Protein chains: 2
Amino acid sequence: MQETANRPYHHGDLRRTVIETAMAMLHEDKGWQFTLREVARRAGVSHAAPYKHFPDKAALLAEMALLGFDRLHKALTTAKPKKSNTLRDEFFAVGRAYVEFGTSNPGLYRLMFSAEAGKAADVHLSERALAVFGVVTEMLERGQAEGVLRKRDVRGGAAACWAQMHGITMLTMEGLFQLEKVGPDPLDAALVTLLEGLENQAVNS
Amino acid sequence: MQETANRPYHHGDLRRTVIETAMAMLHEDKGWQFTLREVARRAGVSHAAPYKHFPDKAALLAEMALLGFDRLHKALTTAKPKKSNTLRDEFFAVGRAYVEFGTSNPGLYRLMFSAEAGKAADVHLSERALAVFGVVTEMLERGQAEGVLRKRDVRGGAAACWAQMHGITMLTMEGLFQLEKVGPDPLDAALVTLLEGLENQAVNS
DNA sequence: ACCTGAACACCGTTCAAGT
DNA sequence: ACCTGAACACCGTTCAAGT
């Protein structure tokens with residue numbers, strides 16, 4: 001862990017360094033179009049060195065995507081307010097945290113849902129990716145138990161929530177949600193609409 | 001327009017041919033990671049020839065993305081049933097058509113919303129891309145006029161719809177909506193949830 | 001065990017030169 | 001006006017060889 005100024009030949013923990021360097025480069029560019037050679041350059045090793053730790057670039061991408069899902073999961077559970085809060089508060093807190101995560105890590109978020117990462121190692125079907133789905137499911141189950149939400153197959157509702165979060169996040173990243181055409185606060189509007197589709201009682205405005 | 005078997009030197013309509021060839025290659029792969037050189041090879045010209053018609057690869061991608069938005073717009077308006085149908089029918093028809101378009105053209109759909117296409121030429125802010133938004137807006141306006149939908153800023157509702165469509169489409173493309181974990185018919189569940197968030201009257205199940 | 005350096009088969013892009 | 005062919009500066013990946 002302690003970095004000595006001179007790394008003569010052996011690097012020590014190149015595997016971790018490669019991932020961290022690549023993660024840092026993801027923040028600079030929007031896409032995951034960083035090059036493996038550039039990563040190696042920044043890490044101060046030859047361009048062939050990373051191949052001792054990853055079979056190919058796709059493997060590195062997949063690992064980064066998994067890391068991304070872990071961070072997203074953590075961001076959501078952290079954002080969840082302490083108990084004795086209304087479900088509505090929790091719903092909005094988690095929703096906003098999701099979008100916030102995506103928009104402040106656009107490169108990483110894109111990578112997580114890219115075909116490239118998905119192909120390799122079944123990233124999207126891993127339990128680490130599906131843990132995010134679990135957060136939403138728990139929230140809906142609580143809502144149904146409290147009678148706030150309509151009683152329906154929770155999985156369908158969770159699917160709707162995830163799709164809505166993902167859609168808002170990507171459209172925001174593209175700048176499409178910054179237009180006057182979509183109104184003053186599309187994020188809020190989308191969350192309200194979604195919640196009211198899940199809620200139990202009638203709302204007449 | 002009529003293709004002679006021998007194209008000795010001049011191609012005739014290389015610009016169109018390049019676009020069509022690239023479009024065809026988009027169907028084979030999932031991503032837009034086709035190479036310009038391969039396009040030129042298939043078109044039977046040198047790898048430098050396309051540069052007489054497009055300043056760079058990004059310009060070609062942007063043009064293809066615009067074409068994609070035109071096709072999506074057409075797919076939605078075509079799917080819209082003739083009048084004297086309920087709004088609910090229209091809503092589901094358009095929703096399913098949207099997802100269907102994405103899942104049957106994954107490469108093109110990905111390209112349309114990629115950062116690469118977005119950067120070039122303001123694709124996402126073009127009226128051709130926003131026409132899709134218009135289809136949803138019209139539908140909601142009709143619903144509000146008929147009293148079926150809650151009266152609210154239509155733009156917010158349209159934003160919610162678009163985000164939901166986009167999210168479902170992408171998650172389906174990733175295979176995440178084919179899991180038992182998300183239930184038997186997540187697409188339907190998401191559409192129902194969305195619609196009921198927009199609707200006027202109370203629903204007690 | 002871990003890393004290097006040269007090598008291979010590709011890219012995107014440019015540009016003088018051909019027709 | 002439209003296209004070619006060689007060239008440049010890159011990639012990802014491999015592999016014998018070094019420490």
Side-chain angles (χ1 to χ4, degrees), chain A residues 1 3-22 25-26 28-65 107 111 114-117 119-121, chain B residues 1 3-22 25-26 28-65 107 111 114-117 119-121:
Chain A
M1 198 69 78
E3 301 198 22
T4 50
N6 56 334
R7 286 167 293 178
Y9 192 84
H10 284 65
H11 184 278
D13 199 355
L14 182 56
R15 185 168 217 284
R16 181 205 297 263
T17 306
V18 165
I19 293 179
E20 281 174 1
T21 309
M25 290 173 69
L26 223 45
E28 299 173 12
D29 251 358
K30 310 180 86 178
W32 66 100
Q33 303 308 19
F34 65 86
T35 86
L36 221 46
R37 286 174 107 110
E38 174 70 19
V39 173
R41 241 173 262 135
R42 294 209 197 183
V45 293
S46 83
H47 59 261
Y51 285 89
K52 293 295 151 188
H53 300 275
F54 304 94
D56 54 16
K57 192 182 179 183
L60 172 59
L61 292 177
E63 190 125 344
M64 293 171 74
L111 169 63
S114 74
E116 277 72 12
K119 269 184 299 192
Chain B
M1 196 68 79
E3 301 198 22
T4 50
N6 56 334
R7 287 168 292 178
Y9 193 84
H10 284 65
H11 184 279
D13 198 356
L14 182 56
R15 187 168 215 286
R16 180 205 297 264
T17 306
V18 164
I19 293 179
E20 281 174 2
T21 308
M25 289 173 69
L26 222 47
E28 299 172 13
D29 251 358
K30 310 181 87 177
W32 67 99
Q33 302 309 17
F34 64 86
T35 86
L36 221 47
R37 287 174 106 109
E38 175 70 20
V39 173
R41 243 173 261 134
R42 293 210 197 183
V45 294
S46 84
H47 59 261
Y51 283 88
K52 293 295 149 187
H53 300 274
F54 304 95
D56 53 16
K57 191 183 178 182
L60 172 60
L61 291 178
E63 190 125 344
M64 293 171 74
L111 169 62
S114 73
E116 277 74 11
K119 267 182 302 194

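Please read these numbers as outputs of a predicted model, since none were measured by experiment. Every chain is numbered from 1, with letters handed out A, B, ... down the list of sequences.
The side-chain contact (heavy atoms from CB on, under 4.5 Å) test with A/V45 is passed by exactly one of A/T17, A/L14, A/V18, A/V39: A/L14.
If you measure from atom CG of B/L14 to atom C1' of D/dA1, you get 13 Å, rounded to the nearest angstrom. In this entry the distance linking NZ of A/K52 with C1' of C/dG5 reads 13 Å, nearest Å.
Smallest separation of non-hydrogen atoms from A/R16 and A/D13: NE-OD2, 3.1 Å. A pairwise comparison of heavy atoms in A/W32 and A/K57 identifies O-NZ, 4.4 Å as the closest pair. Scanning all heavy atoms of the two residues, the minimum distance from A/A40 to A/P50 falls at CB-CG, 4.1 Å. Taking every heavy atom of both residues into account, B/M64 and B/L26 meet most closely at CE-CD2, 3.7 Å.
Between B/F54 and B/L61 the shortest side-chain heavy-atom distance does not fall below 4.5 Å. The shortest distance between side-chain heavy atoms of A/E63 and A/H53 does not fall below 4.5 Å. Contact check for A/T21 versus A/F34: no side-chain heavy atoms found under the 4.5 Å cut-off.
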Dot-bracket notation for DNA chain C is requested: 5' to 3', Watson-Crick or G-U wobble pairs only, both distances under 3.5 Å, with ( ), [ ], | and . as defined. ||.|||||...|||||.||

Distances for protein N/O vs nucleotides 10-12 of chain D N/O pairs under 3.5 angstrom?
unit_1	atom_1	unit_2	atom_2	d
D/dC11	OP1	A/R41	NH2	3.4
D/dC11	OP2	A/R41	NH2	2.8
D/dG12	OP1	A/L36	N	2.9
D/dG12	OP1	A/K57	NZ	3.4
D/dG12	OP2	A/L36	N	3.2
D/dG12	OP2	A/R37	N	3.1
D/dG12	N7	A/R37	NH1	2.3
D/dG12	O6	A/R37	NH1	3.0

